[in-house]
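In what follows, a single structure is set out as structure tokens and then discussed.
What you see below is based on every heavy atom in this structure, not just the backbone, and it leaves out hydrogens, waters and symmetry mates. In what follows, chains carry the letters A, B, and so on, assigned in the order in which the sequence lines appear, proteins first and then strands, with residues in each chain numbered from 1. As the structure is a computational prediction, the values presented were derived from the model and not from experiment.
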Protein chains: 2
Amino acid sequence: MRELTRIFQSLSDVNRIRILKMLEQRPLCVCEITSVLGLATSTVSKHLSILRDTGFVVDSKEGKWVNYRLTDSPSPPYINKLMPLIKELLPDDKVVREDAKKVRDVDRETICA
Amino acid sequence: MRELTRIFQSLSDVNRIRILKMLEQRPLCVCEITSVLGLATSTVSKHLSILRDTGFVVDSKEGKWVNYRLTDSPSPPYINKLMPLIKELLPDDKVVREDAKKVRDVDRETICA
DNA sequence: CAATCATTTCGACCTACATCGAAACGATAC
DNA sequence: GTATCGTTTCGATGTAGGTCGAAATGATTG
């Protein structure tokens with residue numbers, strides 16, 4: 001039960017939802033997400049670690065970058081039920097659409113400097 | 001988006017999840033829930049107002065009691081997706097089962113005094 | 001109408017959380 | 001190997017949330 005409430009809590013922050021919706025497009029590194037959200041790098045890293053601990057995302061190193069992506073199915077219990085739900089929510093959200101556009105245009109080589 | 005995160009947050013507390021699972025059995029008044037959870041009456045009232053504000057439960061007066069029950073379909077956006085999910089979660093949870101038993105045995109006339 | 005009873009609101013307390021900047025870490029590049 | 005760059009961890013700060021007891025509310029009952 002505690003595990004379930006932790007999962008819901010990880011979804012109870014606007015910036016973490018924005019991260020999940022961005023990752024629906026493609027894997028992203030920390031600085032790309034930071035650039036879109038306009039938060040401190042350390043804050044974004046914290047958000048990602050929370051989403052990783054609950055099982056929504058996984059990370060993988062690629063050179064000097066750490067890429068985060070959505071956990072692909074079969075994902076852990078609860079997550080496999082919630083992930084599809086999140087994917088179909090907020091289809092017309094203004095912020096989500098603006099973030100999507102930024103993700104499309106962002107280039108890690110340019111902004112991480 | 002804010003509305004969605006508020007909904008997830010209302011699900012991020014163990015006692016509120018317990019309340020929702022109890023209400024799957026039948027409508028309950030505040031003092032019945034208080035008796036099962038072992039919390040202060042004011043705390044339970046607060047939890048219920050949170051669940052009411054997000055749309056998971058509705059209340060109705062019956063004499064001196066206020067009965068709370070799960071919002072029946074069609075429920076508000078998001079809720080109509082989440083409610084069925086919650087109903088199929090935690091089928092074998094120990095606490096949920098113990099609560100269910102207490103709900104079966106509880107009598108509002110006896111305990112609310 | 002006065003008293004009782006279930007519930008809600010209020011005020012206070014403590015804990016948990018989001019955020020930042022600085023420092024630590026790890027790997028890459030010169 | 002030293003410097004640089006992306007990321008993580010740490011410490012501090014302000015805010016939000018869960019809890020309680022007491023006071024307020026609202027309806028029922030005598």
Side-chain angles (χ1 to χ4, degrees), chain A residues 1-3 5-20 23 27-54 57-69 95 106-113, chain B residues 1-3 5-20 23 27-54 56-69 106-113:
Chain A
M1 166 122 60
R2 193 72 160 255
E3 176 62 16
T5 55
R6 270 185 60 246
I7 287 171
F8 282 130
Q9 183 161 12
S10 73
L11 297 175
S12 71
D13 180 273
V14 170
N15 290 315
R16 286 197 290 270
I17 295 290
R18 289 174 69 185
I19 290 174
L20 291 179
L23 291 178
L28 295 167
C29 69
V30 180
C31 73
E32 287 173 314
I33 298 172
T34 301
S35 159
V36 173
L37 294 183
L39 297 173
T41 314
S42 57
T43 304
V44 172
S45 178
K46 187 81 194 304
H47 282 314
L48 286 165
S49 78
I50 290 172
L51 291 172
R52 175 165 36 79
D53 290 348
T54 48
V57 306
V58 294
D59 60 351
S60 55
K61 293 211 166 186
E62 177 193 353
K64 53 183 174 180
W65 286 291
V66 178
N67 288 323
Y68 283 86
R69 66 174 193 277
V95 175
V106 81
D107 172 40
R108 66 175 62 178
E109 299 288 355
T110 307
I111 54 165
C112 301
Chain B
M1 164 118 64
R2 194 71 162 255
E3 175 63 16
T5 56
R6 271 185 59 246
I7 287 171
F8 282 130
Q9 182 161 12
S10 74
L11 297 174
S12 70
D13 180 272
V14 170
N15 290 316
R16 286 196 290 268
I17 295 290
R18 289 174 70 185
I19 290 174
L20 290 179
L23 291 178
L28 295 166
C29 69
V30 179
C31 74
E32 287 174 314
I33 298 172
T34 300
S35 158
V36 173
L37 294 182
L39 297 173
T41 314
S42 56
T43 303
V44 172
S45 179
K46 186 82 192 305
H47 282 314
L48 286 165
S49 78
I50 291 171
L51 291 172
R52 175 165 36 78
D53 289 348
T54 48
F56 283 104
V57 306
V58 293
D59 60 351
S60 55
K61 293 211 166 185
E62 177 194 353
K64 53 183 174 179
W65 287 290
V66 178
N67 287 325
Y68 284 85
R69 65 174 192 278
V106 81
D107 172 40
R108 67 175 62 177
E109 299 287 355
T110 307
I111 54 164
C112 302

What's the [atom1]-[atom2] distance between [X] and [N], to the nearest Å?
X	N	atom1	atom2	result
B:Phe8	D:dG17	CZ	P	16 Å
A:Glu62	D:dT7	CD	P	11 Å
A:Lys61	C:dG26	NZ	P	8 Å
A:Arg108	C:dT28	CZ	P	14 Å
A:Glu109	C:dT28	CD	C1'	12 Å
B:Arg52	C:dT8	CZ	P	7 Å
B:Asp59	C:dT9	CG	C1'	15 Å
B:Ile17	D:dG18	CD1	P	12 Å

So if I apply the side-chain contact (heavy atoms from CB on, under 4.5 Å) rule between A:Ile19 and each of A:Val36, A:Leu48, A:Leu28, which one comes out positive? A:Leu48

Taking the side chain as every heavy atom from C-beta outward, state whether B:Phe8 and A:Gln9 have any pair of such atoms under 4.5 Å apart. no

Side chains of A:Arg69 and A:Val58, heavy atoms from C-beta outward: is any pair under 4.5 Å? yes

In B/S/- notation, 5' to 3', how is nucleotides 10-21 of chain C contacted by protein heavy atoms closer than 4.0 Å? -------SSSBB

Of all the heavy-atom pairs spanning A:Thr34 and A:Ala40, show the shortest one and how long it is. CG2-C, 4.3 Å

Do you know the tightest heavy-atom contact between B:Ile17 and A:Thr5? CG1-CG2, 3.8 Å

According to side-chain contact (heavy atoms from CB on, under 4.5 Å), who are the partners of B:Arg6, at least two apart in sequence or on a separate chain? B:Glu3, B:Asp53, B:Thr54

